[in-house]
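Structure first, then comments.
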Amino acid sequence: AVRKLGTRVHACPDLRDCIDGVFDRNGEIRDNASTGLLQIRRNIRTLEARLRKQLEALLSNPSYDNVLQEKFIAMRNDRFVIPVRRELRSRLPGVVHDQSNSGRTLFVEPQITLEAGNELGALRLQERDEIRRILAELSTHVRENCGDMLDTAKALCRYDLVFAASHWARDFDCEYPGRAKRLRLINARHPLLHRQFRRESREDELVALDLTMPRDKRVMAITGSNTGGKTVALKTLGLLALIYQTGLPVTADPDSQFSVFSQIVADIGDEQSLEQNLSTFSAHVIQIRNLLESARTERTLALIDELGSGTDPVEGGA
């Protein structure tokens with residue numbers, strides 16, 4: 001079955017070549033994604049170098065030493081600017097694009113670079129439009145391969161599920177038990193408890209669960225002292241029953257047997273304090289009533305824990 005999944009994975013070499021021709025390893029659009037984009041970006045770099053050279057010459061001009069707040073080139077609104085003292089702004093003609101937080105510094109695009117700046121802005125618009133054209137063309141290629149891509153995605157998802165299930169089975173010693181009318185658990189372990197004991201290097205202390213539902217019986221009561229594992233047994237049974245019905249292997253021996261239920265319902269919770277006895281017990285009874293009502297019409301696995309929860313210990317014992 002896993003080998004058959006490989007036949008549903010389509011390489012789509014033409015589409016792959018198109019994508020590789022547009023994007024680099026960082027997901028950026030390549031310069032040579034098209035002849036037009038390559039030329040536009042060359043023009044942009046040439047113009048940017050020219051602008052920087054003009055601004056560097058201005059920064060190194062002693063006539064502007066008092067005018068400049070600092071000697072560096074910045075970008076504001078995609079325009080090349082330099083920092084100018086607000087009070088000496090009139091000595092450097094140009095366009096103000098921003099100011100510092102204190103307001104003492106203005107970021108000015110000098111008059112001598114305005115024309116080149118406008119030309120650079122036009123080139124960037126051309127770059128944007130060419131990239132849009134390239135992506136639209138690439139999208140057309142993707143749509144043409146849509147069927148193969150969806151089929152591939154489904155196959156890979158299925159493979160990922162099989163791969164994860166096999167790891168799950170190997171790591172937790174899982175098996176595929178048989179199906180029968182009555183439940184029978186042999187050497188069953190709660191997966192989360194198993195993982196916790198493994199992390200603590202205490203796997204030898206983990207107590208597995210053996211449970212067999214008697215023939216022709218529909219109810220089983222599990223009794224015992226506190227911390228005796230009753231709740232863990234119920235949770236293990238419910239969780240493994242759900243796992244079994246998903247088709248995944250379960251943490252139990254292969255001789256175990258599971259039934260398929262229309263629904264699995266539970267009322268499991270720790271016993272509450274005596275101060276909450278009325279509200280807790282009332283809610284508990286209502287929950288059990290609803291649970292049993294739903295179980296009348298469907299084949300149901302119903303798990304009820306702490307049946308006397310919220311009562312006086314002596315009264316609740318009954």
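Just the heavy atoms: all of them, side chains too, but no hydrogens, waters or symmetry mates, feed the values below.
Cation-pi check for R79 over F107 is not met; the charged atom does not lie both under 6.0 angstrom from the ring centroid and within 45 degrees of its normal.
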Start with the C-alpha gap between E56 and K53, add the side-chain angles, then the distance that decides, and say whether salt bridge (Lys or Arg N to Asp or Glu O under 4.0 Å) holds. CA-CA 5 Å; E56 286 169 359; K53 189 174 181 179; over 6 Å; no
Full working for salt bridge (Lys or Arg N to Asp or Glu O under 4.0 Å) between E48 and R45: CA-CA 5 Å; E48 284 180 340; R45 284 192 286 269; over 6 Å; no
Start with the C-alpha distance between E203 and R198, add both sets of side-chain angles, then the distance that settles side-chain contact (heavy atoms from CB on, under 4.5 Å), and finish with yes or no. CA-CA 5 Å; E203 281 190 86; R198 175 179 292 175; 3.6 Å; yes
Show your working on salt bridge (Lys or Arg N to Asp or Glu O under 4.0 Å) between D65 and K71 and close with a plain yes or no. CA-CA 9 Å; D65 284 349; K71 293 189 175 184; 2.9 Å; yes
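Salt bridge status for R8 with D151: present, with a side-chain N to carboxylate O gap under 4.0 Å.
Residue I134 holds its CD1 atom at 11.5 Å from OG of S139, rounded to the nearest 0.5 Å. The CD1 atom of I44 sits 6.5 Å away from atom CG of L120, with the distance rounded to the nearest 0.5 Å.
Taken together through direct or relayed side-chain contacts under 4.5 Å among Ile, Leu, Val, Met, Phe, Trp and Tyr, I186 and L234 form parts of separate hydrophobic clusters. The hydrophobic clustering, which links ILVMFWY residues whose side-chain heavy atoms are closer than 4.5 Å, places L303 and Y244 together. In the hydrophobic clustering of ILVMFWY residues, with side-chain heavy atoms under 4.5 Å counting as a link, I73 and L47 come out together. Put simply, L193 and L185 are part of two different groups of oily side chains (I, L, V, M, F, W, Y) that touch within less than 4.5 Å, one to the next.
Side-chain contact check for E109 versus N77: every heavy-atom pair is 4.5 Å or farther apart. Looking at V250 and S256, their side chains never come closer than 4.5 Å, going by heavy atoms from C-beta outward. By the 4.5 Å heavy-atom criterion applied to side chains, L161 and R158 are counted as neighbours.
If you check the side chains of Q69 and T105, you find a donor sitting under 3.5 Å from an acceptor. No hydrogens or angles considered: nothing links the side chains of H141 and D14 as a donor-acceptor pair under 3.5 Å.
Taking the six-membered ring where tryptophan is involved, the planes of F172 and W168 are tilted, since the angle between them lies from 30° to 60°.
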